[in-house]
Number of protein chains: 2
Amino acid sequence: MPTTARERARAEITAEITDLARAQLATVGAAGLSLRAVARELGMVSSAVYRYFPSRDDLLTRLILDGYDALGATAEEADDPTAAPAERWLTVCRAVRRWALAHPHEYALLYGSPVPGYRAPQDTVPAAIRVGAVLGRVLGDAARAGQLPAASGVVTVTISEATAEVLGGEHPALDDTVRARGLLAWSSLFGTISFELFGHFTGAVTDADAFFDAAMRDLAGLLGL
Amino acid sequence: MPTTARERARAEITAEITDLARAQLATVGAAGLSLRAVARELGMVSSAVYRYFPSRDDLLTRLILDGYDALGATAEEADDPTAAPAERWLTVCRAVRRWALAHPHEYALLYGSPVPGYRAPQDTVPAAIRVGAVLGRVLGDAARAGQLPAASGVVTVTISEATAEVLGGEHPALDDTVRARGLLAWSSLFGTISFELFGHFTGAVTDADAFFDAAMRDLAGLLGL
DNA sequence: CCGTGTCAAGAGCGCCGCTCTCGATTGCGT
DNA sequence: ACGCAATCGAGAGCGGCGCTCTTGACACGG
């Protein structure tokens with residue numbers, strides 16, 4: 001609730017800075033993001049921008065957080081809890097890919113190489129796991145609906161408790177082996193998108209959409225969905 | 001065959017530059033690679049380095065090429081063509097992961113976000129596909145040894161001819177559906193390694209080695225190995 | 001031994017992140 | 001309503017960056 005003129009101006013300018021930074025991200029990439037260029041385009045002197053973001057990395061962190069939130073919201077909105085598990089899975093995966101293709105540079109910022117001296121901002125974690133949480137919910141709902149095959153009983157991996165909670169919660173059909181497959185499917189989703197976006201697939205498949213769908217269905221099959 | 005003193009000196013200094021650059025890569029990352037710093041550490045003036053590499057990007061390209069070759073060689077050496085297909089697959093995957101963990105910044109250079117404004121020279125392709133070729137050979141050998149289940153016949157994806165050649169060649173057990181699974185497994189391998197290396201798994205699994213092995217075995221199962 | 005080509009060095013251009021100082025403006029508490 | 005403190009934009013400046021151009025020294029093939 002910004003009431004005073006100063007607070008309103010501050011919020012407005014902050015938004016302008018992040019918007020311009022996002023635009024610059026799309027043209028020069030994360031490593032090339034220049035606070036001076038943002039200031040120039042904003043008609044401000046570079047030092048003034050430091051009133052709003054104490055450093056270039058803080059601005060980058062802001063963009064990362066916004067990116068995770070935007071992608072997370074996209075995934076959450078795409079999920080239809082009433083649909084069949086396999087369809088839910090595919091739909092969410094498609095939504096994630098669509099967002100990535102529409103915002104390649106933001107995606108690269110989130111899932112590419114960590115930027116320079118790389119900060120470990122703990123406060124990005126809640127935003128970062130939103131997509132994984134949606135996928136985990138699909139898995140957990142399927143288990144609770146009895147639509148997941150019984151767990152094999154053979155467990156060679158141990159998943160941390162907090163992660164298990166996100167990956168569908170407790171259920172007899174969900175042991176750590178199944179949860180580990182969930183992690184694999186999660187990273188495979190992003191691995192596939194990254195390979196497509198970063199050019200490792202160029203010339204390999206003729207219909208990227210069909211390949212992605214087939215791949216995600218294979219992953220769903222692996223999960224028993 | 002450098003014979004003249006000049007040629008020998010040039011080759012030597014070129015090697016020194018790439019070595020120092022690789023070392024700097026490990027400390028500051030690709031985005032922070034500075035030609036001036038390399039020159040400084042070499043006791044040269046920055047402009048002199050430009051006699052050896054016309055630009056910072058050319059030096060980077062060299063490092064990328066060397067990286068792909070090093071990783072490719074690692075994968076090739078790890079593969080034991082006499083072993084069982086599933087074991088070959090796991091062994092190669094482990095070797096790739098081991099190299100990635102030992103050379104995280106080089107790995108990030110190869111499989112992380114593309115460097116902004118940096119064009120991927122076409123001559124990196126042969127080096128880049130070496131790992132995929134090893135994995136494809138495992139698949140193809142398994143097919144030719146009759147150790148791959150028959151193809152389903154249901155094909156929804158089309159793989160380019162050149163890629164199909166790399167992915168095991170021609171065999172009745174290898175249709176484009178199987179090959180697409182090969183591409184999925186390939187990108188999943190690197191997706192899993194990237195997630196581990198870039199910190200997306202932190203706190204999720206307690207034993208990263210066991211998780212990776214389980215994940216790669218799951219992928220092998222998906223491929224029918 | 002001499003001309004040619006290669007080399008390191010230096011100066012310089014415009015960019016960067018970031019800091020500090022200095023007036024101007026704003027707004028809160030009195 | 002007013003004065004003091006917080007906030008703001010501007011400017012100058014620091015060191016470092018990639019990259020270019022010029023200069024003088026050196027090695028080498030003819």
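Every chain is numbered from 1 and lettered A, B, ... according to where its sequence line falls, protein lines coming before strand lines. Computed from heavy atoms alone, side chains included, the values below leave out hydrogens, waters and symmetry copies.
For A/Ser47 against D/dG11, a side-chain-to-base donor-acceptor contact under 3.5 Å is present.
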In a table with atom names and distances, give each donor-acceptor pair under 3.5 Å that connects a side chain of residues 11-22 of chain A to protein atoms at least two apart or in another chain.
{"from": "A/Thr14", "atom 1": "OG1", "to": "A/Arg10", "atom 2": "O", "distance (Å)": "2.6"}
{"from": "A/Thr18", "atom 1": "OG1", "to": "A/Thr14", "atom 2": "O", "distance (Å)": "3.4"}
{"from": "A/Thr18", "atom 1": "OG1", "to": "A/Ala15", "atom 2": "O", "distance (Å)": "2.8"}
{"from": "A/Asp19", "atom 1": "OD1", "to": "A/Arg22", "atom 2": "NH2", "distance (Å)": "3.4"}

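Contacts of residues 13-22 of chain A with DNA chain D (heavy atom under 4.0 Å): A/Ile13.
A/Arg8 places its CZ atom 16 Å from the C1' atom of D/dC8, with the value rounded to the nearest Å. We find that CG of B/Leu59 is positioned 10 Å from P of D/dC19, with the value rounded to whole Å. Put simply, CG on A/Leu60 is 15 Å from P on C/dC16, counting in whole angstrom units. A/Met44 has its CE atom 20 Å from the P atom of C/dA24, to the nearest Å. Between the OH atom of B/Tyr50 and the C1' atom of D/dT20 there is a distance of 9 Å, given to the nearest Å. Straight-line distance from the CG atom of A/Asp58 to the C1' atom of C/dC18: 13 Å, rounded to whole Å. Atom CZ of B/Arg10 is separated from atom C1' of C/dA8 by 13 Å (rounded to the nearest Å). Atom pair B/Asp57:CG and D/dG18:P shows a separation of 11 Å (rounding to whole Å applied).
Counting heavy-atom neighbours within 6.0 Å of A/Arg130 CZ, excluding the residue itself, gives a total above 12.
Ring geometry for B/Phe195 versus B/Phe201: interplanar angle over 60°, hence perpendicular rather than tilted (30 to 60°). Aromatic ring pairs are classed by plane angle as parallel below 30°, tilted from 30° to 60° and perpendicular above 60°; the pair A/His200 and B/Tyr68 is perpendicular.
The two residues A/Thr163 and B/Gly203 have their closest heavy-atom pair at OG1-O, 3.6 Å.
Salt-bridge formation is detected for the pair A/Arg94/A/Asp213: a Lys NZ or Arg NE/NH1/NH2 atom is positioned less than 4.0 Å from an Asp or Glu carboxylate oxygen. No salt bridge links A/Arg62 with A/Asp58; every basic N to acidic carboxylate O contact stays at or beyond 4.0 Å. Here A/Glu165 does not pair with A/Arg179 in a salt bridge; the nearest charged N to carboxylate O distance is not below 4.0 Å.
Within the 4.5 Å cutoff, side-chain heavy atoms of A/Arg40 are placed close to those of A/Arg36.
When the side-chain nitrogen and oxygen atoms of B/Tyr52 are compared with OP1 and OP2 of C/dT6, none of them lie within a distance under 4.0 Å.
Residue A/Arg51 has its side chain nearest to D/dC8 when only D/dG29, D/dC8, C/dA8 are considered.
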Find every protein N or O atom lying less than 3.5 Å from an N or O atom of nucleotides 13-17 of chain D, and list the pairs.
{"from": "D/dC17", "atom 1": "OP1", "to": "B/Ser34", "atom 2": "OG", "distance (Å)": "3.2"}
{"from": "D/dC17", "atom 1": "OP1", "to": "B/Arg40", "atom 2": "NH2", "distance (Å)": "3.3"}
{"from": "D/dC17", "atom 1": "OP2", "to": "B/Arg40", "atom 2": "NH2", "distance (Å)": "2.4"}

